[in-house]
Protein chains: 2
Amino acid sequence: MSHSHLDKIEPLSIDCVVFGFEAESHDLKILLIKRAIEPHFGSWALPGGFILYSEGIDEASNRILNEMTGIENLYLKQLRAFGEVNRYPDKRVITLSYYALVKPGNYTLTPGDDASAAEWFLLSESPSLPFDHQEILDEAISTLRREVRNRPIGFELLPEKFTLLQLQKLYEAILGIELDKSNFRRKIQRMNLLVKLDEWEENVAHRAARLFKFDKDIYDDLQNKGLIFDV
Amino acid sequence: MSHSHLDKIEPLSIDCVVFGFEAESHDLKILLIKRAIEPHFGSWALPGGFILYSEGIDEASNRILNEMTGIENLYLKQLRAFGEVNRYPDKRVITLSYYALVKPGNYTLTPGDDASAAEWFLLSESPSLPFDHQEILDEAISTLRREVRNRPIGFELLPEKFTLLQLQKLYEAILGIELDKSNFRRKIQRMNLLVKLDEWEENVAHRAARLFKFDKDIYDDLQNKGLIFDV
DNA sequence: TCAAAAGTGTTTGCAATACACCCATGC
DNA sequence: GCATGGGTGTATTGCAAACACTTTTGA
């Protein structure tokens with residue numbers, strides 16, 4: 001995806017909210033970059049940049065995230081436009097927010113020209129953000145929580161084979177609440193989404209848990225139908 | 001809300017999807033304008049226009065709808081940006097979609113300079129739309145149906161005092177399905193949203209129905225909490 | 001033998017759905 | 001007296017929520 005530097009630039013930007021979840025630590029994280037351009041040079045902020053005339057907006061979200069962080073080919077979902085007149089200093093810039101949910105371990109972060117660093121932050125320890133990025137982040141969190149209740153997203157975040165407790169911890173991390181073990185298991189198993197394997201955890205200091213994997217066909221089906229997962 | 005014609009214009013537009021519901025006829029309608037400007041001069045299309053540098057986007061949605069149709073001070077909710085490179089002929093225009101749900105009888109339509117007419121169309125009889133307006137409309141319908149299931153919206157569309165059947169017909173029109181009378185009544189009454197009045201219909205060719213009104217406090221509360229209305 | 005997590009079962013209560021049925025009124 | 005809609009009742013089924021209990025394993 002190359003483009004000439006002579007391409008006209010829209011006064012329209014994209015800001016990406018990339019959530020990361022680590023199954024091992026049960027931590028929900030957010031990807032930030034350290035700005036190497038004005039305004040707010042040196043601040044940690046959402047990875048973002050300007051849309052070019054020659055690209056669609058979804059395409060742009062992908063390019064911009066890649067240029068800022070090195071992450072390639074990540075599908076980002078659009079949230080909405082933020083367009084207060086003075087949200088950006090000196091000139092009028094309207095921005096489109098996009099978000100995604102990934103496994104941090106899958107990506108090597110390599111900051112591009114406009115960033116001096118790209119790092120994962122614990123959601124609870126994120127620095128204060130410039131522009132209206134905190135508002136954008138807050139809305140993205142709300143959307144993520146709503147989405148996770150309405151469809152089985154986030155299953156890509158677990159290892160191929162996983163235990164029910166790992167799955168439960170994923171939901172607990174995203175939703176920020178505790179769930180009842182028995183009820184969670186019943187509900188998730190009723191969906192016929194999981195395939196019970198004849199394999200077990202090894203080397204754990206307690207009874208070994210059975211491993212499961214996803215039934216890809218049913219998973220895709222549920223994604224489309226938007227089954228309610230009402231935790 | 002006045003502004004100079006010298007204001008710079010963003011290559012960013014807004015398109016408004018305004019739904020109308022008439023309690024009497026049980027019809028769900030859509031507001032379209034007949035374009036008096038190029039491109040697509042003469043076509044029926046969503047009311048839309050360009051955002052000015054000097055206004056916030058929510059503000060802009062209001063001004064544009066007013067200029068196109070004469071409707072004043074209508075709160076519109078943003079859906080999302082549509083930004084395919086070639087969605088608009090000749091130049092690059094990204095658009096933000098906004099939507100609202102109103103009672104057609106409350107408004108006098110007066111087309112502005114860029115429109116030769118503004119009219120309500122039955123949703124089922126809307127003409128084919130230019131640009132990507134059909135896609136925008138389809139998404140707005142989906143959003144409306146999702147919203148009406150998740151919170152008690154649309155109650156502004158009924159007369160101050162109404163019968164339960166009128167309320168049921170509203171839901172049926174928006175959702176495009178039939179509902180069971182008994183179950184609908186039980187569910188809606190369980191919400192404590194309605195105040196039972198000691199007034200009845202008059203001059204109807206069947207047993208007169210009791211009238212209800214909304215409990216404004218509870219209504220506002222439910223709007224914020226987003227109670228599930230799972231029809 | 002203790003801690004930690006796996007895994008199962010039970011009870012309570014409400015809600016969704018599908019019907020069936022009687023009531024009141026104008027034509 | 002019949003069509004039209006108002007209004008109520010009931011049986012079934014399934015799930016949510018709370019929580020109690022047994023099992024397995026390593027340290």
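Residue numbers start from 1 in every chain, and the chains themselves are labelled A, B, ... in the order their sequence lines are given, proteins ahead of strands.
- As a whole-Å value, the separation of B/L179 CG from C/dT17 P is 10 Å.
- Partners of B/D58 according to the salt bridge (charged side-chain N to carboxylate O under 4.0 Å, His left out) rule, which considers only residues two or more places apart in sequence or in another chain, do not exist here.
- Rounded to an integer number of Å, the gap from A/E202 CD to C/dA6 P is 16 Å.
- Atom-to-atom, CG of A/L167 to P of C/dA5 comes out at 17 Å; the value is rounded to the nearest Å.
- As rounded to whole Å, 13 Å separates atom C1' of C/dT17 from atom CD1 of B/I177.
- At whole-Å resolution of the value, CG in A/N183 and C1' in C/dG9 are 12 Å apart.
- A/N203 places its CG atom 10 Å from the C1' atom of D/dG26, with the value rounded to the nearest Å.
- What separates CD of A/E178 from P of C/dA5 is a distance of 12 Å, to the nearest Å.
- Judged by distance alone, with hydrogens and angles left aside, A/D180 brings no side-chain donor or acceptor close enough to the base of D/dA16 to form a pair under 3.5 Å.
- Comparing A/V204 and A/R190 along DNA chain D, the residue whose closest nucleotide (by nearest heavy atom) sits nearer the 5' end is A/R190.
- The base of C/dG7 lies outside donor-acceptor range of the side chain of A/S182, with no N or O pair under 3.5 Å.
- In this structure, A/R186 reaches the bases: a heavy-atom distance under 4.0 Å links it to at least one base atom across the strands shown.
- Heavy atoms from other residues, nucleotides or ligands lying under 6.0 Å from CD of B/E84 number 12 at most.
- Residues satisfying the salt bridge (charged side-chain N to carboxylate O under 4.0 Å, His left out) criterion with B/E72, sequence neighbours excluded, are absent altogether.
- Among residues two or more places apart in sequence or in another chain, the salt bridge (charged side-chain N to carboxylate O under 4.0 Å, His left out) test is passed with A/K161 by A/E199.
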What protein N or O atoms touch nucleotides 1-6 of chain D N or O atoms at under 3.5 angstrom, if any, and at what distances?
{"from": "D/dG6", "atom 1": "N7", "to": "B/K181", "atom 2": "NZ", "distance (Å)": "2.8"}

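- In this structure, B/M191 places its CE atom 17 Å from P of C/dC14, rounding to the nearest Å.
- Qualifying side chain to side chain donor-acceptor pair (under 3.5 Å) partners for A/D27, counting only residues two or more places apart in sequence or in other chains: A/S25.
- Annotation for B/K103: atom NZ counts as buried by contact number, over 12 foreign heavy atoms lying within 6.0 Å.
- For A/K169, the salt bridge (charged side-chain N to carboxylate O under 4.0 Å, His left out) partners at least two apart in sequence or on another chain are A/E172.
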